[in-house]
Amino acid sequence: MSKDLAISRLQTLRHQLQDHAYRYYVLAEPALPDADYDALFQELLAIEAKFPELITADSPSQRVGASSDSAFTPVTHQVPMLSLDNVFNAEDWQAFDRRVRDRIDWQLAVGVPYACEPKFDGLAVSLRYEQGVLVQAATRGDGQVGEDITANVRTISSVPLRLQGSNPPALLEVRGEVVMPRSGFEQLNQRQLAQNEKPFANPRNAAAGALRQLDASITAKRPLDFYAYAIAAIDGMPWPATHSLSLRTLKQFGFRISDLAQSGNGVDFVQRCWQQLLAQRNQLDFDIDGMVIKVDDRSLQLSLGFVSRAPRWAVAYKFPAEEKTTTLLAVDFQVGRTGAITPVARLAPVNLGGVMVSNATLHNMDEINRLDLRPGDTVIVRRAGDVIPKVTGRVDDEAHQQRAIVTLPSHCPVCDSAVSRIEGEVVARCTAGLFCPAQRKERLRHFASRRAMDIEGLGEKWVDLLVEAGLLHSSADIYQLSKEQLLSLPRMGEKSADNLIAAISRSRETTLPRFLYSLGIPDVGETTALQLAGQFGSLKALLAADEAALLATPDVGPVVAKAILDFLSEPHNQQVIQALCDAGVRWQDQTARQDIAQPLAGQTWVLTGTLSGMTRDEATDKLRSLGAKVSGSVSAKTAVVVSGDAAGSKLDKALSLGVTVWDESALTAFFAEQGL
Ligand code: IVH
């Protein structure tokens, strides 16, 4: 690199680093993943190492971070809060160890004693205890001057307000990290979304936001933890001889210490610890971004000393980053098993935490709109705790405004049926529940389930096999299955096939509530199905219902009404319902509550003798559905006596009282008139 090129590159790098440091430390709203920031910083250091004459006093390499905001009182650190140099691979780590050995002229056969511990991905905080009492908590700020956040830190339960033990040192300054556990972070973000607030991109941002609250009672509601990792100053007590002993001392004082800390000798021991910690990373309840390695002996630390911004006796051995930037190539839409349409980000492949990632979830349209994501944008992708990668942010650039925005497709990408999104709901759905291949298995399983059409033996396993064999497309196909087709399935025996055919056949005889429930209309469970059947009495009446009619049904609000209308008006669904009826699926219609004008309301009817075209029970049900009371004895108040074959004393009594008497054909004709 020529000197001219170095000058201009340094200028760009310093400008970028300064801007990002301000966003990170002052605004607590980082615009760039750490790994990218690190990369820029490393580049700056490399160029400055080559051209030391170009180092300026205001270069980011000459100080740590940016100056603090004025909202909190500034605190000058008695002992500066330094940062750590990073190594990214075994070779760099070995080079660090070699430098340590060279500097202290290490001649022993065993390696240097090192202490290894997680590098917490949180916020560095310094705590000052006088006579055992917490008197001040401060952020790191630029390393020299931080901010007083005592009130906020006091709300963190893992921070002792008073040191344990009867003989505390006159002064103790403790350094450690405030972190937000992943579990608490997920809950906090759910609450944020529920209250229409912006979710946090990661636990560290959430922790930073919590510590920057002017009202400490808000901080108190945030799940924060504090892990102590160093003693910065101690008075009235000798310094522990090693870092490991410091940690044990801190533990005795009542601090939380990582139980993943270990100590041992030499470069290979450390490499094994790193490998081990990397493997444990996903199981932890908090984010770590590497392992901090410290020369364990305090006397060795003192002889190694410091360079401008970091100790020579400690280093951060970083893990592969879990958060990086990459290009958003496209947004595709996938259809879930229940019809939910979810956007998926297609990304330029990027290595996240050691895994190549080229897809990430975007949750829903609200998320895309909130982040204003457009194909071509540079986005921040995060994959932490072994979870599915997600897009958490976007890096602004000039071309962004010119890029095309993402819109929700109006038709299902799988089956081309209409997509519906209910006002105020986050999920958009494909409305063709009975038809859409993406929803097929799930719908069929539901259709056949015990509380729906109750097809015994048609469980998940056979549904999957039948769909995969191309024998089932929609629920109506179930009624076309032949024994031969069933026998073509692997492990289907003669007897099972017979049983399944018989169960399918039996299921044709059902009830309207069961049938409605089996359709799997979104938001229509068993109770709503029962209410709808009661309200409309027949499928025909339900199919003809408009929104107002649906809203008159108990338990049906606007959301459910819309789901029902969308479902029943989708032609693909109508075809399947028709095919089911054509296949012989049938039920007894009921009295519709909605038909307020019940023609027989207030009347008492009596059935006597044997009916030939229907059973007495059927006739009773139909009469009741029309509002009549059906009684066993005739009186002057009886409206009509229906007289079948071999009628006896009741017919005589009716005739003597002058009560109207019908024969079966009159009744049948009347039922027909009523549409029964
Ligand atoms: S010791 C003089 N130990 O890493 C050494 N730092 O780049 C001071 N960090 O902002 C640091 N975990 O907040 C140390 N176990 C650990 C750490 C740790 C995280 C952070 C610290 C600081 C940064 C240094």
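These numbers come from a predicted model, not from an experiment. First listed ligand is number 1; within each ligand, the first listed atom is number 1. Quick note: numbers below take in every heavy atom, side chains included, and nothing from hydrogens, waters or symmetry partners. Positions are given from 1 along the sequence.
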How about Tyr229 and Phe255: are their ring centroids closer than 6.0 Å? no
Assess the side chains of Glu117 and His243: does a donor N or O sit below 3.5 Å from an acceptor N or O? yes
For Phe96, what residues pass the ring pair (Phe, Tyr, Trp, His ring centres under 6.0 Å) criterion, not counting sequence neighbours? Trp93
Taking only residues two or more places apart in sequence or in another chain, which ones pass ring pair (Phe, Tyr, Trp, His ring centres under 6.0 Å) with Phe319? Trp274
Close-range residues for ligand 1, whose non-hydrogen atoms fall below the 4.0 Å threshold: Ser83, Leu84, Glu117, Pro118, Lys119, Phe120, Ala124, Arg140, Glu177, Tyr229, Val292, Lys294, Pro311
To the nearest 0.5 Å, what is the distance between CG (Asp296) and CD (Gln301)? 7.5 Å
By ring pair (Phe, Tyr, Trp, His ring centres under 6.0 Å) - contacts of Phe185 (at least two apart): none
